[in-house]
2 protein chains.
Amino acid sequence: MVNFIQHAANQPRWAVEIWKRFNDKELTHSMAHYLQAVAGLKQDKGHARVGDIADRLGVSKSGVTSMLRSLSARGLVTHEPYGCVELTDAGRRLARRTESNRHVLTMFFTSILRVPQEVAYEDACMIEHLVGPESMIQFLRLTAFIGSDDPAAERFRTAFREYQHHCAGKEADRECPVCKEGRCLAETFPGLVGTFDEGPLK
Amino acid sequence: MVNFIQHAANQPRWAVEIWKRFNDKELTHSMAHYLQAVAGLKQDKGHARVGDIADRLGVSKSGVTSMLRSLSARGLVTHEPYGCVELTDAGRRLARRTESNRHVLTMFFTSILRVPQEVAYEDACMIEHLVGPESMIQFLRLTAFIGSDDPAAERFRTAFREYQHHCAGKEADRECPVCKEGRCLAETFPGLVGTFDEGPLK
DNA sequence: GAATAAAGTTAACCATGCTTAATATCCGGT
DNA sequence: ACCGGATATTAAGCATGGTTAACTTTATTC
């Protein structure tokens, strides 16, 4: 197991470079949802008009108009005034990808991490447009494999479930392969677990 | 394994509610980095001043001043004009939590998903402030357990590595427990895998 | 104990992504 | 053919998170 603690060091230099890339991602969170709304409407009723999108997303029609201008400028939709909205090929690809991402992440959160459904939906929705394709394909592989009927996967599921149950009790246990030297997860990674279960702060 | 395809349906109604919560998360991406910068500077040199933060984050000093106003208004830092910046208890907790999140996610991406380091750093950084505590604790448990020397975990690591290697070849294989009826992942989840490996679009 | 350099703040501006209110366009009924 | 209602757009405003330029405060040096 890689050393957790060592990596807990403060934000390194490169972090700044990455941080600044947040705002020039291909898609903002809003844009991703507009694209998905257009794709969904197209599928549901054959066409997407400004009012439909506004209803679906719960925003004003003027908001839709201005967002369509942005998406148009990026070549993701076409939209002549007072007409229907169409996805371009690039727009369609991005919409599909974002949906796939949310879908895979939701599966991962519910069936592997086993968090409550609402939590899974929320977390998946928040990050669906931010996780890169390399990681996404691996999320899919991991989810598919853990859920498969490969004997190693089946055994793993059982063992992991037992471990979680044990670990939730937070009792140090020399028998547990994750608890090192009788220190359970919470003590093995001091200051790490504790940061998670304080709940929302405000 | 839960049915993937069924969940691939279009964005359901509740998605809108979740989407709109994006902008009232506890922390924005920027705020998270300011808090971490303050915490880091405090640790590295004992105090955090406006110029230090500006240098560290590569933003202008006036930008720092105005962000400190926001953070101050939220009760996450204290800062009297021309003085040093201090984290409040709430600010410190959020900084610690965000760092833990990035840390656990980076571990997960590198040691479990095994994506390249830069990808892991980038993806972890993008979502560190967006994943809820329930999911984070489960990410930690999963990462710790898969990396442990529990026999089920060891066997799983091997099997998963083999599966990935096999799957990367994209050959349908009746022997593979993930490939259903001789259809490999790519065909079992049509339109899903394909969306991932087209690379960045623009 | 000034003069000046360094550090910090304010002011004015820009882009994004929303809002409401007012205006413009399109379309069906008479 | 034209009028009203539905639909869509523009205009103006707001909050966030940045920028540069100008100004103020603090610190240092002689």
Side-chain angles (χ1 to χ4, degrees), chain A residues 16-38 41 45-74 76-86 125-126 129-130 202, chain B residues 16-38 41 45-74 76-86 125-126 129-130 202:
Chain A
V16 175
E17 303 309 313
I18 295 174
W19 163 55
K20 302 205 135 189
R21 261 177 278 169
F22 189 81
N23 294 314
D24 34 66
K25 280 259 150 189
E26 285 177 302
L27 240 36
T28 65
H29 186 65
S30 285
M31 287 174 175
H33 281 259
Y34 276 89
L35 291 182
Q36 286 176 72
V38 173
L41 286 164
K45 44 197 301 189
H47 63 271
R49 312 193 46 192
V50 170
D52 301 327
I53 301 170
D55 288 349
R56 184 142 174 154
L57 295 182
V59 298
S60 65
K61 281 181 288 188
S62 49
V64 174
T65 300
S66 83
M67 179 57 95
L68 289 178
R69 222 194 315 279
S70 308
L71 293 172
S72 224
R74 290 177 188 236
L76 301 178
V77 302
T78 58
H79 168 57
E80 62 269 20
Y82 301 100
C84 283
V85 181
E86 302 291 341
C125 178
M126 293 296 154
H129 63 302
L130 294 170
K202 53 170 312 205
Chain B
V16 175
E17 302 309 312
I18 294 174
W19 163 56
K20 303 205 132 188
R21 259 177 275 164
F22 189 81
N23 295 314
D24 34 67
K25 281 259 150 190
E26 287 177 301
L27 283 183
T28 64
H29 187 66
S30 286
M31 287 175 175
H33 281 259
Y34 275 89
L35 290 183
Q36 286 177 72
V38 173
L41 286 164
K45 42 196 302 191
H47 62 272
R49 312 192 47 190
V50 169
D52 301 327
I53 301 170
D55 289 350
R56 184 139 174 158
L57 295 182
V59 296
S60 64
K61 282 181 288 186
S62 47
V64 174
T65 302
S66 83
M67 179 56 94
L68 289 178
R69 223 193 315 279
S70 307
L71 293 172
S72 223
R74 291 179 185 234
L76 302 178
V77 302
T78 58
H79 168 57
E80 63 270 22
Y82 301 101
C84 284
V85 181
E86 302 290 340
C125 178
M126 292 297 155
H129 63 301
L130 293 170
K202 57 169 307 204

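Below, chains carry the letters A, B, ... as their sequence lines are ordered, and counting in each starts from 1. All values derive from a computational prediction rather than experimental measurement.
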> What's the CG-P distance between A/N23 and D/dG17, to the nearest Å?
Replying inline: 10 Å
>> The side chain of B/V59 is closest to which nucleotide in this list: C/dG8, D/dG18, C/dT19?
In response: D/dG18
> A/H129 has an atom NE2; how far is it from atom P of C/dG17, in whole Å?
Replying inline: 10 Å
> Taking atom P of C/dC18 as reference, at what distance in whole Å does atom CD1 of A/I53 sit?
Replying inline: 13 Å
> Once you round it to whole Å, what is the distance between C1' of D/dG17 and CG of A/D24?
Replying inline: 14 Å
> Between A/R74 and A/E26, is there a donor-acceptor pair closer than 3.5 Å when you use the side chain of the first and the backbone of the second?
Replying inline: yes
> Of all the choices, C/dT19, D/dA8, D/dT19, which nucleotide is nearest to the side chain of B/K20 once you look at every atom?
Replying inline: C/dT19
> Hey, which of these two, A/P81 or A/W19, hits DNA chain D nearer its 5' end, going by closest nucleotide?
Replying inline: A/P81
> For the pair made of CG in A/L35 and P in C/dG17, what is the distance, rounded to whole Å?
Replying inline: 12 Å
>> Both A/G51 and B/H29 contact DNA chain D. Taking the nearest nucleotide for each, which residue is further toward the 5' end?
In response: A/G51
> Can any side-chain N or O of B/K45 pair as donor or acceptor with the backbone N or O of B/D52 at less than 3.5 Å?
Replying inline: no
> Could you give the NE2-to-C1' distance, from B/H47 to C/dG8, as a whole number of Å?
Replying inline: 14 Å
> Quick one: ring pair (Phe, Tyr, Trp, His ring centres under 6.0 Å) partners of A/F22, sequence neighbours excluded?
Replying inline: B/H29, B/H129
> Can you tell me if the side-chain N/O atoms of A/Y34 get under 4.0 Å from OP1 or OP2 in C/dC18?
Replying inline: yes
>> The side chain of B/M67 is closest to which nucleotide in this list: D/dG17, C/dC18, D/dT25?
In response: D/dG17
> Is there a donor-acceptor contact under 3.5 Å from the side chain of A/K25 to the main chain of B/M126?
Replying inline: no
> Can you check side-chain contact (heavy atoms from CB on, under 4.5 Å) on A/L27 and A/L76, steps first, answer last?
Replying inline: CA-CA 10 Å; A/L27 240 36; A/L76 301 178; 3.8 Å; yes
>> Determine whether B/S30 and B/T28 satisfy the following criterion, side-chain hydrogen bond (donor to acceptor under 3.5 Å, both in side chains), listing intermediate values before the conclusion.
In response: CA-CA 5 Å; B/S30 286; B/T28 64; 4.9 Å; no
> Reckon A/S30 has a side-chain N or O less than 4.0 Å from the OP1 or OP2 of C/dG17?
Replying inline: no
>> Please report the distance, rounded to the nearest Å, between CG in B/L27 and C1' in D/dG17.
In response: 15 Å
>> Measuring to OP1 and OP2 of D/dT9, would you say a side-chain N or O of A/H79 lies under 4.0 angstrom away?
In response: yes
> At under 4.0 Å, does any side-chain N or O of A/R49 touch on OP1 or OP2 of D/dT7?
Replying inline: no
>> Could you report the tightest heavy-atom contact between A/H79 and A/V50, atom names first, then the distance?
In response: CE1-CG2, 4.0 Å
> What is the distance, rounded to the nearest whole Å, between atom CG of A/L71 and atom P of C/dC18?
Replying inline: 10 Å
Check nucleotides 10-16 of chain C against the protein and report each pair of N or O atoms closer than 3.5 Å, with its distance, or say if there are none.
{"unit_1": "C/dT10", "atom_1": "OP2", "unit_2": "B/R69", "atom_2": "NH1", "d": "3.3"}

